[in-house]
Amino acid sequence: MLHPRARMMLMLAVPAVLIGAASSLIMLLVMKLATVLQHILWINMPGRLGITGDSPLWIIAILTLTGVAVGLVIRHFPGHGGPDPATEPLIGSAVPLSTLPGLTLALILGLAGGVSLGPEHPIMALNIALAVALGARAVPGVSKLDWTILASAGTIGALFGTPVAAALIFSQTLSGNDDVPLWDRLFAPLMAAAAGAMTTGLFIHPHFSLPVANYPQMHVVDILSGGIVAIMAIALGMVAVWCLPRLHRLLHQLKHPVLILGAGGFTLGLLGVVGGPVTLFKGLDEMQQMAHSQIWGAPEYLRFALVKLAALVVAAACGFRGGRIFPAVFVGAALGLMLHAHVPAVPAAITISCAVLGMVLVVTRDAWLSLFMAAAVVPNLNLLPLLCIVMLPAWLLLAGKPLMTARRSRHD
């Protein structure tokens, strides 16, 4: 009863669901271990010593020791703790299985220690490597590329709690033709993404939206305001793009990963003291804390944005294992809150969403993902036309500009 095209799609349906669910469970396990260790480092241990976790000396000490610990993992574990995220795209080829223990441990230490990076890049590498290795044995006829696509789609669905982000990302990377339409190619990845998102939803509910006043209707002047906000976010983000490869090259002149990451951790500690605890960790929970608090004004929001962006650059440059999307969203939200506090006449829905759009666009250079993150942080259908229009000049500005990457060091 089914067309051969439909049978081909169904052939990958079960593996896609299994990979999506497994990608989510692996992510949840890693995040749980990091959360337990974070509680020990930032609540239990300082409590026993009679100090608070937000003490300046404790922040500096923990981040410095985190850098040393991650450096030891990279130095002594097989595969050097996996690929350096500063030199790799979000979705890459499968790494050897021998690198996964070191990569996982380096990620857990970084997340628990307060490093300003998210889990997305190492989790993606971990899930892709497992899917390719196990899938090739279970179904030899399926290519490594197909397993990579399924694992990355499942991971994206798990990270964001919805398959929408995966649909947007893969719609621009998977091409269609008369023989194999685009949606035929998207069928299995969307199955994996849906399974990953649903599995995540059974345990946790990723919460991106901020408490922002309703935006009732778009006006022409709002397009101008949103464009200016996006351009400001892009300008700030491009400073980070300029700094990352230069700082990466400078730090890697130290050659030894313990020295590089120890120095990076100490610098992150100093930045944490300047910015406060809200600028530590991956930024998702801290973004909610920042948005719900009523005690901060424009100067504080600007400080949070600048410190978090600097911490993102330092963490990426010295080789901590982690992703840059979640911290970039925090920077965009802080910048948007600052601009609204400075110019209350511009709705917060516009300043926050357009700042997130511009900052994520700089970091990822992915228009669909940038639109998705802006809409997830400020979920309002009335904003979608404005965001699509604002994206056009933003994309023009970034056309041909350098990416936020560094060249691989000879000592990596």
Side-chain angles (χ1 to χ4, degrees), residues 26 29-31 33-34 36-38 40-41 45 59-90 92-130 133 243-272 280-282 311-324 327 405-412:
I26 291 170
L29 176 61
V30 170
M31 298 295 288
L33 293 173
V36 171
L37 181 57
Q38 177 183 331
I40 294 172
L41 293 176
M45 290 179 62
I59 292 175
I60 293 173
I62 290 298
L63 279 160
T64 302
L65 291 174
T66 298
V68 172
V70 174
L72 288 171
V73 170
I74 292 174
R75 175 67 178 83
H76 294 291
F77 273 66
H80 306 292
D84 181 357
T87 64
E88 300 286 338
L90 177 61
S93 57
V95 299
L97 292 180
S98 60
T99 68
L100 299 188
L103 175 63
T104 304
L105 182 56
L107 171 60
I108 291 172
L109 291 172
L111 290 174
V115 175
S116 291
L117 291 174
E120 57 271 22
H121 187 279
I123 288 292
M124 188 75 72
L126 177 62
N127 286 337
I128 288 174
L130 290 173
C243 291
L244 176 61
R246 290 161 176 81
L247 184 58
H248 185 274
R249 185 168 57 249
L250 177 65
L251 285 169
H252 281 72
Q253 290 179 0
L254 296 173
K255 298 182 181 180
H256 200 290
V258 175
L259 293 177
I260 296 171
L261 284 143
F266 177 74
T267 305
L268 291 176
L270 295 177
L271 289 170
L280 301 177
F281 305 101
K282 65 179 181 290
L312 166 58
V313 171
V314 171
C318 63
F320 281 103
R321 279 17 182 185
R324 301 193 286 268
T405 57
R407 291 185 178 180
R408 185 173 299 180
S409 170
R410 289 177 298 176
H411 307 287
D412 289 346

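For this chain, numbers begin at 1 and follow the sequence in order.
Distance check: Thr64 OG1 to Leu261 CG gives 11.5 Å after rounding to the nearest 0.5 Å. The line from NE2 of His252 to CZ of Arg407 is 14.5 Å long, rounded to the nearest 0.5 Å. Summarising the geometry, atom CG belonging to Leu251 is positioned 7.5 Å from atom OG1 belonging to Thr267; distances are rounded to the nearest 0.5 Å. Atom CD1 of residue Ile123 and atom CG of residue Leu90 lie 11.5 Å apart, to the nearest 0.5 angstrom. Distance CD1/Ile26 to CG/Leu130: 5.0 Å, rounded to 0.5 Å. Atom CD1 of residue Ile60 and atom CG of residue Leu270 lie 5.0 Å apart, to the nearest 0.5 angstrom.
Here the closest heavy-atom approach between residue Gly264 and residue Val314 is recorded as O-CG1, 3.8 Å. The heavy-atom pair separating Gly71 from Val258 by the smallest distance is C-CG2, 3.7 Å. Leu105 and Val73 get closest at one heavy-atom pair: CD2-CG2, 3.6 Å. Closest non-hydrogen pair, Pro85 versus Gly322, comes out as CB-O, 3.3 Å. Contact detail for Gly323 and Glu120: the closest heavy-atom pair is C-OE2, 3.1 Å. Summarising the geometry of Ala129 relative to Ala94, their closest heavy-atom pair is CA-CB, 4.1 Å, with the distance given to 0.1 Å.
Looking at heavy atoms from C-beta onward, Lys282 lies out of side-chain contact with Leu117 at the 4.5 angstrom threshold. Arg75 is listed as a side-chain neighbour of His256, based on a closest heavy-atom distance under 4.5 Å. You'll find the side chain of Leu109 stays beyond 4.5 Å of the side chain of Val115, heavy atoms only. For the pair His248 and Asp84, the minimum side-chain heavy-atom distance is below 4.5 Å. Side-chain contact between Arg321 and Val70 is absent, with no heavy atoms from C-beta onward closer than 4.5 Å.
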What pairs of donor and acceptor atoms, side-chain ones from residues 96-104 against any protein atom, are under 3.5 angstrom apart with sequence neighbours left out?
unit_1	atom_1	unit_2	atom_2	d
Thr99	OG1	Pro96	O	2.8
Thr104	OG1	Leu100	O	2.8

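Listed by chain and residue number, nothing satisfies the side-chain contact (heavy atoms from CB on, under 4.5 Å) test with Leu65 (two or more places apart in sequence, or in another chain).
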Inset, instruction - In sequence, state the C-alpha distance, the side-chain angles, and the governing distance for Glu88 and Met124, and then conclude on side-chain contact (heavy atoms from CB on, under 4.5 Å). - result: CA-CA 12 Å; Glu88 300 286 338; Met124 188 75 72; over 6 Å; no
Legend entry - Candidate pair Leu244 and Thr405, rule side-chain contact (heavy atoms from CB on, under 4.5 Å), full reasoning: CA-CA 7 Å; Leu244 176 61; Thr405 57; 5.7 Å; no
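A donor-acceptor contact shorter than 3.5 Å is absent between the side chain of Gln38 and the backbone of Gly114.
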